[in-house]
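Each chain gets a letter, A, B and so on, in the order its sequence line appears, and its residues count up from 1.
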Amino acid sequence: MKGKGKLKKNMKNSQFSKIMKVPPGSGGGKKWTTLEHNGVIFPPPYKPHGVKMLYNGKPIDLTPEQEEVATMFAVMKDTDYAAKPTFIDNFFTDWRKVLGKNHIIKNFELCDFTPIYEWHLREKERKKQMTTEEKKTLREDKLKQEEKYMWAVVDGVKEKVGNFRVEPPGLFRGRGEHPKMGKLKRRILPSDITINIGKGAPVPECPIPGESWKEVKHDNTVTWLAFWNDPINPKDFKYVFLAASSSLKGQSDKEKYEKSRKLKGHIQRIRENYTKDFKNKDVTRRQIAVATYLIDKLALRAGNEKDDDEADTVGCCTLKVDNVTCMPPNQIQFDFLGKDSIRYFNTVEVEELVYKAIEGFRAGKKPGQDLFDKIDTSRLNAHLKDLMPGLTAKVFRTYNASITLDGILHEETEDGTVLEKIAVYQRANKEVAIICNHQRSVSKSHESQMTRMNEKIDELKSQMEELKADLNKAKKGKPLGYDSEGKPKRNLAPEAIQKKVATLEGKIEKMEMDKRIKEDLKTVALGTSKINYLDPRITVAWCKRHEVPIEKIFNKSLLAKFVWAMDVDPEFRF
DNA sequence: ATCGCGACTTAGCATCCTTTAA
DNA sequence: TTAAAGGATGCTAAGTCGCGAT
């Protein structure tokens, strides 16, 4: 509920929120001096397949435009979107606009998309059946077409472009219970696109004959190469940026980590500061204190206001009273949907004064009302800025993640094999992912994989039984008897059998460990923190100190993204 | 102070590609 | 040799936060 109901939240404004307009060394907001690139590439025009869907049991002729939208829906049959009323409603409303006023198709219930769906399955199968050779040529052809769009030249340096492909039309797939799911995302045309390019550089030729760009700008205070308005949310933009490996992105990434490192020098004072305010008589001050505490302790997101036409999710400042439960004597249970509608469910012990304060904020409010009714992200960030230049809520997340990694790596790395050291890193990585609540959905095959592992372990264990029986016999000098196929077993010395037992034991242990890790990580996404929250210098320095090849931790894209961190001193501490 | 715009980072999932196990 | 698992990459949605207008 943006705007409404948030009108009169008063708060003494910070008298001195002196902020640097631009990060030092970035030259007055200027991001580049020269910029050349080739614009964007458009998806190919729609190719009609001519497969007729059924309406009321009868085949229906559709124009290519109508068929295109029908196909978008048909191919989603086996996703769970296809069964959601909101999705169907939005799709059908938008499709009917394409069908036109007097079209025979009026009732979704009478639509049968199965013929198109089956065509789609056949197409998929056909693609799968292609030989590796054919696939390779196809890939190479595509690469050739796209090559020129992949690169930009920024201040004389060739840099990769991130997303030079214009998004194809489709049905909007919002996350969670998104009110706009299923709406038609229309095709983007050159006349939708604004290009940003250096003054002297040649303007990219519009790739669709007879059409032209909406606008060409020469703005060197921004880093985008092109943008268009999001057709689903016309007030939002879709940007084309350089890739993560570019020095422009690398520089700001480094600045991000440097800022959160700076927080280390202020954190003690900040904690003392908000702890004092837990019992401040001014509610606003108390709310700021408690919100800051939660952001610091639990790495919650700031929580901006959202519109009604977005999924209903919250962050710290937008927590509702029903998202928190006070559990005596001093535990708080959090249960809310955060970014991407990922559930945050956590019970934590808090300081007594925090517990009291939260009870107080909840008092007399109905479910759905704001827990922190006197503050919002901009007030909170304004306050944080007074405590440290450039400090905002998200800095705490970066700080929390990186300091945790640094700490665990320093405490827990022991002499041992590279494999063991990597295991320590992964444990630390997992710890961070849990703090940041980075989740993934369990893979469809998880259950069956677990069953298979259990079967395997059982099998190994029964082998172990047999081996131990053999060992006993061998020790007593008895013959080992016959194996399961009735053949006589070779009589081995007890020592030899003992060795077999040890090997098998190791195998079982490893399997059980693998199983535990797999189960443990089934809902935890490690990648997000590696990409966005963990200062790569911590990792690089650790690899250097412990002689772990950096390639064991960073894949090709991370190595490219983090070039700026590679020459770090081995003794670097976050 | 408030609002809405604009630009940028962060996020999970789908798909493609490679490695590993059977 | 093949299939399954796992990792890398692509895609685009969904956040954060600064800023200028009012």
Round to a whole Å and report the spacing from CG of A:D230 to C1' of B:dC8. 16 Å

With sequence neighbours excluded, residues passing ring-ring contact (aromatic ring centres under 6.0 Å, His included) with A:F574: none

Check whether any side-chain nitrogen or oxygen of A:N304 sits under 4.0 Å from OP1 or OP2 of C:dT16, and answer yes or no. yes

Rounded interatomic separation in angstrom, taking CE from A:M181 and C1' from C:dA13: 13 Å

Under-3.5 Å donor-acceptor pair between A:K339 side chain and B:dT10 base: yes

Just the rounded figure in Å: distance from P of C:dA5 to CG of A:L521. 17 Å

Within the structure, does a side-chain N or O atom of A:R173 lie under 4.0 Å from either OP1 or OP2 of B:dC13? no

With distance as the sole criterion, is a donor-acceptor pair present between the side chains of A:D340 and A:Q439 under 3.5 Å? no

Is it true that the NZ or CZ of A:K530 lies under 6.0 Å from the centre of A:F554's six-membered ring and within 45 degrees of the ring axis? no

Keeping to residues at least two apart or across chains, list the ring-ring contact (aromatic ring centres under 6.0 Å, His included) pairs with something in residues 437-461 of chain A. A:H438-A:Y533

Distance, rounded to the nearest Å, where A:H438 contributes NE2 and B:dC13 contributes P: 12 Å

Mind calculating the distance between CG (A:L171) and P (C:dT12) to the nearest angstrom? 13 Å

